[in-house]
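Working notes for the structure below.
A quick note: this is a predicted structure, and the numbers were derived from the prediction, not measured.
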Amino acid sequence: MRLRMEQDVFVVRQLGREVARAAGMEQQDQTRLATALSEVGRVMLAAGHDAEVVFEAESNGVTRLRVTVTSPQPGNAAELRQQLGQVGRLVDTLEVGDGEPGTFVWMARRLPASAPRLTPERMDDIRAGLAQHVPGTPLDELSVQNQQLIVALNEVRAQRDDLARLNAELEETNRGVMALYNQLSQELEETNRGVVALYAELDEKSEQLRTVSEAKSRFLANVSHELRAPVTAVIGLARLLNDPGSEPLASEQRRQVELISSSAGDLLTLVNDLLDLAKAEAGRMDPELSDVDLRAVFAQLRGTLRPLATRPEVDFVVEEPSIPMLHTDEVLLTRVLRNLLTNAIKFTAEGEVRLTVRTVDDDIEFTVTDTGTGIPAELHERIFEEFYQVPGSRAITGKGTGLGLPYARRLAGILGGGLRVVASTPGEGTTFTLALPATTRS
């Protein structure tokens, strides 16, 4: 369509509304596009220029209706852009520029997702319908605009009423929120006072527990020192009585002396374990870190513990370490591994006891496995409690004190690592792992 006179502004407005309706736009969008188009046409004609209007459908993922208004007179883009500043609010896109064949204004608006597809057949139908369109008079268009204005005013009034209702509801909600906030503030303040009092009580209890723990450690250390001397004397006297150079004993006397010696040995083991545990709890065991040759440590364990595995039904295996050096405390590391291996030998009647080492992520992991009596899953943590022994488990050789594993876990913590039960099944065996930081030397 061409714009030549003021009446054409009404005609192009009607045509724009009809094209938008045929393309599937909603009524409000039809009015917006028609209003934007009539304003562009009015500004063009007011500048004294004829213009050509072209309607196009374009689809770049989203289908849009594009309208281009072109004037053959170039050089008016800046002035038009300033005059049409508010028109851009009515459409999705508005551009003003100079080019070939002159000054152009093009605007576009998206079609709703519910609009029918603009297939070639549908485009032909739209063209045919527009060709039969008879423009109304300016008075007709004014009547249509008045109707649209009335509808818009009614919508604004309805929105204003809704807004007033929402504001009233919001004000009521705010009053309720403030009341709830005040109530919660009071409850929170009361709770905070209770928490402060609870923390004060906890601090007091913690101090009492620390004092009791220190007293227990001192008691264990003192008792252990006091018991060690007489127990050692009893063991020495028993050895003298059984010495071949002493006066011969009757068989019953010899049996009783051996029982005294065995009981005294068990008591000495318990005393030594108590003393070691007391030192660990008191924090008097600081690690002396150095480069430790794991091959030498494993060879020492293999030599000193093999005499304990005297049963032919049990294979005692200490594998050659694939990690030659580790930066740690050699004495404490040896104590932990010896404790685990000794326990495994005590509770394994047949099968094997094995020690291995490997690198796991950022840790060096020592693994002790056995095919012994095993530990129920619910007791995997309880065995690290002092003096706790698994009910029904009986050592094949020697007796346990229930202090070895707690002591070993404390030593593992002093070394910066951890000791845990990886897997254990009653009657099948147990796997312990000692994980230490992987500060290695090749």
Side-chain angles (χ1 to χ4, degrees), residues 1-3 8-44 51-70 81 84-97 104-138 140-167 169-170:
M1 177 182 174
R2 293 194 64 85
L3 292 172
D8 292 340
V9 175
F10 294 95
V11 177
V12 79
R13 179 185 177 90
Q14 295 177 19
L15 186 60
R17 188 168 56 248
E18 288 297 317
V19 172
R21 182 190 59 78
M25 284 189 185
E26 297 177 354
Q27 185 172 359
Q28 289 186 355
D29 291 338
Q30 297 172 23
T31 303
R32 291 189 181 98
L33 182 66
T35 303
L37 182 55
S38 64
E39 181 64 11
V40 172
R42 184 191 66 78
V43 172
M44 284 277 196
E52 184 179 67
V53 182
V54 178
F55 297 91
E56 298 172 296
E58 60 179 16
S59 178
N60 294 321
V62 177
T63 305
R64 302 192 305 175
L65 179 61
R66 171 174 166 168
V67 184
T68 305
V69 183
T70 306
R81 191 178 298 112
L84 300 176
Q86 298 298 322
V87 175
R89 302 174 62 180
L90 300 174
V91 291
D92 296 330
T93 306
L94 176 71
E95 290 190 12
V96 182
F104 66 88
V105 178
W106 74 265
M107 63 196 81
R109 190 162 186 91
R110 293 185 299 271
L111 297 182
S114 58
R117 290 187 57 193
L118 293 177
T119 60
E121 294 78 10
R122 179 167 173 74
M123 295 288 286
D124 292 338
D125 293 340
I126 293 175
R127 290 190 190 94
L130 293 174
Q132 299 175 2
H133 173 69
V134 178
T137 65
D140 294 335
E141 182 60 25
L142 180 61
S143 176
V144 172
Q145 291 185 31
N146 288 338
Q147 291 297 324
Q148 293 174 347
L149 181 60
I150 292 173
V151 171
L153 289 176
N154 288 334
E155 291 180 354
V156 170
R157 185 180 296 108
Q159 292 176 358
R160 183 190 62 190
D161 294 342
D162 289 342
L163 183 60
R165 178 179 54 80
L166 290 174
N167 284 336
E169 292 178 357
L170 182 60

Please determine whether the number of non-hydrogen atoms from other residues, nucleotides or ligands lying under 6.0 Å from atom [atom1] of [X] exceeds 12.
X      : atom1 : value
Glu56  : CD    : yes
Arg110 : CZ    : no
Arg165 : CZ    : yes

Heavy-atom closest contact ([X] atom, [Y] atom, distance):
X      : Y      : result
Pro116 : Gly24  : CD-CA, 4.5 Å
Met44  : Val69  : CE-O, 3.8 Å
Val91  : Ala36  : CG1-CB, 4.1 Å
Ala57  : Leu118 : CB-CD1, 3.5 Å
Ala20  : Leu33  : CB-CD2, 3.9 Å
Val67  : Val53  : CG1-CG1, 3.8 Å

First locate atom [atom1] of [X], then atom [atom2] of [Y], and finally report the distance between them rounded to the nearest 0.5 Å.
X      : Y      : atom1 : atom2 : answer
Arg66  : Asp92  : CZ    : CG    : 13.5 Å
Leu37  : Met1   : CG    : CE    : 8.5 Å
Arg117 : Leu111 : CZ    : CG    : 12.5 Å
Arg2   : Asp8   : CZ    : CG    : 10.0 Å
Gln27  : Arg21  : CD    : CZ    : 11.0 Å
Leu84  : Glu95  : CG    : CD    : 13.0 Å

Would you check if Phe55 and Leu130 make a side-chain contact, meaning some heavy-atom pair closer than 4.5 Å?
no

Is there a side-chain contact between Leu94 and Val105, using heavy atoms and a 4.5 Å cut-off?
yes

Just do the salt bridge (charged side-chain N to carboxylate O under 4.0 Å, His left out) check on Arg127 and Asp124 with the steps written out, would you?
CA-CA 5 Å; Arg127 290 190 190 94; Asp124 292 338; 2.9 Å; yes

Single hit among Val40, Val96, Thr93 for side chain to side chain contact (heavy atoms under 4.5 Å, CB included) with Trp106
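When side chain to side chain contact (heavy atoms under 4.5 Å, CB included) is applied between Trp106 and each of Val40, Val96, Thr93, only Thr93 qualifies.
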
In a check of side chain to side chain contact (heavy atoms under 4.5 Å, CB included) between Gln30 and each of Glu18, Met25, Arg109, which one passes?
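Single side chain to side chain contact (heavy atoms under 4.5 Å, CB included) partner of Gln30 among Glu18, Met25, Arg109: Met25.
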
Determine, for Asp29 against Arg32, whether the closest basic-nitrogen to carboxylate-oxygen distance falls under 4.0 angstrom.
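The answer is yes: the pair qualifies as a salt bridge.
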
Verify side-chain hydrogen bond (donor to acceptor under 3.5 Å, both in side chains) between Arg13 and Thr35, making sure each step is shown before the conclusion.
CA-CA 7 Å; Arg13 179 185 177 90; Thr35 303; 3.3 Å; yes

